[in-house]
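Encoded as structure tokens, the structure appears first; notes follow it.
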Amino acid sequence: MASGGLPPQPPQAERVIRGRSLRLTRTIVGRATREPCLICGEPDPMLSFTFTDGRVIHLHGACDALWQQERAAG
């Protein structure tokens, strides 16, 4: 998670991340990708978040929970 691959804030309607305004455009729940989980690198992530800048992140449910805890800890 320290690699910087994940946004520091949760995907919301609009956020400023690193000086850019991003808007979440789509969330997919289910195995919709062959890409590995961005956090653990294992296959079959169940969540995909797509931002308006084209960035897509894929996470397992447990990894998403870990990301939420990391953000809450600040």
Side-chain angles (χ1 to χ4, degrees):
M1 292 187 24
S3 70
L6 291 170
Q9 297 296 320
Q12 294 183 0
E14 191 166 333
R15 280 284 187 186
V16 176
I17 298 175
R18 296 185 189 149
R20 298 180 345 201
S21 180
L22 299 177
R23 188 171 302 189
L24 179 68
T25 59
R26 183 170 64 173
T27 301
I28 297 173
V29 178
R31 289 187 178 99
T33 182
R34 294 179 189 244
E35 297 292 320
C37 174
L38 184 62
I39 293 177
C40 71
E42 295 293 320
D44 297 327
M46 295 295 290
L47 300 169
S48 298
F49 299 103
T50 303
F51 295 86
T52 56
D53 69 349
R55 179 176 21 176
V56 179
I57 60 172
H58 307 287
L59 305 172
H60 294 109
C63 294
D64 180 51
L66 178 63
W67 181 36
Q68 291 176 32
Q69 289 175 353
E70 181 86 5
R71 290 190 317 263

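Values reported hereafter were calculated over all heavy atoms of this structure, with side chains retained and with hydrogens, waters and symmetry mates removed. The residues of the chain are indexed from 1 along the displayed sequence.
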Handout entry: Candidate pair Trp67 and Leu38, rule side chain to side chain contact (heavy atoms under 4.5 Å, CB included), full reasoning
Key = CA-CA 11 Å; Trp67 181 36; Leu38 184 62; over 6 Å; no

Problem - Check: His60 side chain, Pro43 main-chain N or O, donor-acceptor pair, under 3.5 Å - result: yes

Practice task
Please name the pair of heavy atoms, one in Cys37 and one in Leu59, separated by the smallest distance, quoted to 0.1 Å.
Solution key: SG-CA, 3.8 Å

Problem - Nearest-0.5 Å distance, CG of residue Asp44 to CZ of residue Arg34 - result: 10.0 Å

